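Please read the structure below before turning to the comments.
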Amino acid sequence: AQKVTQAQTEISVVEKEDVTLDCVYETRDTTYYLFWYKQPPSGELVFLIRRNSFDEQNEISGRYSWNFQKSTSSFNFTITASQVVDSAVYFCALSGRAAGNKLTFGGGTRVLVKP
Amino acid sequence: DTEVTQTPKHLVMGMTNKKSLKCEQHMGHRAMYWYKQKAKKPPELMFVYSYEKLSINESVPSRFSPECPNSSLLNLHLHALQPEDSALYLCASSQDPTGGDEKLFFGSGTQLSVL
């Protein structure tokens with residue numbers, strides 16, 4: 001079985017602050033994939049990043065960065081200099097053979113960026 | 001064109017009604033998905049179509065009936081629903097259904113209310 005835990009249900013910050021979203025996962029697979037999706041108020045989930053279990057390089061994309069640590073089974077996401085448009089629900093997700101390659105989502109973290 | 005289009009955006013139906021949700025993508029994707037999302041919860045997988053054939057049914061009640069008329073279209077037929085079926089129904093697609101590393105493209109969803 002596989003499991004994804006996002007301990008923070010809601011985070012509120014003021015614009016330009018940095019915000020880090022935690023994601024901890026459990027899986028018995030040696031090969032697996034981790035994802036982050038953003039769900040703005042409009043409803044559609046938007047893909048942000050995919051990582052495979054063999055690639056522990058951290059990644060930066062603009063104001064977004066991801067820290068993958070296999071030793072602690074974590075895949076954390078940081079938004080630097082947050083903006084109001086970053087207000088959304090962010091989901092961490094995991095897929096692997098143990099769950100038939102189906103996505104297992106975490107519970108989501110709602111980020112509210114105030115002007 | 002990187003969009004998944006869902007219609008209608010909102011639907012209110014009585015428990016004796018029959019209605020259909022529609023989803024369309026023109027990205028040449030060979031996998032299409034239905035997810036159900038209750039408020040403040042992550043999406044839950046309902047069905048997966050792979051190359052126009054139903055490949056996964058997550059033990060969904062028969063009052064939900066999926067249909068994939070062609071590779072671009074996905075329908076969800078609804079009949080005799082219960083109030084607890086009220087939720088956001090999300091359609092998604094991905095290029096290749098076979099791996100676990102697929103990036104999903106989501107529509108904006110249909111917000112369904114069952115009275």
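This one's a predicted model, so the numbers in the text were calculated from it and none came from an experiment. In what follows, chains are A, B, ... by sequence order, proteins preceding strands, each numbered from 1.
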Are [X] and [Y] joined in one hydrophobic group, where the rule is that I, L, V, M, F, W and Y side chains link up if heavy atoms are under 4.5 Å apart?
{"X": "Ile79(A)", "Y": "Leu45(A)", "value": "no"}
{"X": "Met32(B)", "Y": "Val4(B)", "value": "no"}
{"X": "Leu90(B)", "Y": "Phe47(A)", "value": "yes"}
{"X": "Leu76(B)", "Y": "Leu54(B)", "value": "yes"}
{"X": "Leu81(B)", "Y": "Val60(B)", "value": "yes"}

Residue part contacting chain A, namely of Leu88(B), when any heavy atom lies under 4.5 Å: side chain
Taking only distance into account, so ignoring hydrogens and angles, what donor-acceptor contacts under 3.5 Å exist between chain B and chain A?
from      : atom 1 : to        : atom 2 : distance (Å)
Gln37(B)  : OE1    : Gln39(A)  : NE2    : 2.8
Gln37(B)  : NE2    : Gln39(A)  : OE1    : 3.0
Glu58(B)  : OE1    : Lys102(A) : NZ     : 3.4
Glu58(B)  : OE2    : Lys102(A) : NZ     : 2.8
Gly100(B) : O      : Ser95(A)  : OG     : 2.3
Asp101(B) : O      : Arg50(A)  : NH1    : 2.7
Leu104(B) : N      : Tyr37(A)  : OH     : 2.9

Enclosure of Leu115(B) CG (heavy-atom neighbours >12, cutoff 6.0 Å): yes
Inter- and intrachain pairs under side-chain hydrogen bond (donor to acceptor under 3.5 Å, both in side chains), touching residues 76-85 of chain B, at least two apart: Ser20(B)-His77(B), Arg63(B)-Asp85(B), Glu67(B)-His77(B)
For Phe105(A) against Pro43(B), the heavy-atom pair lying closest together: CD1-O, 3.7 Å
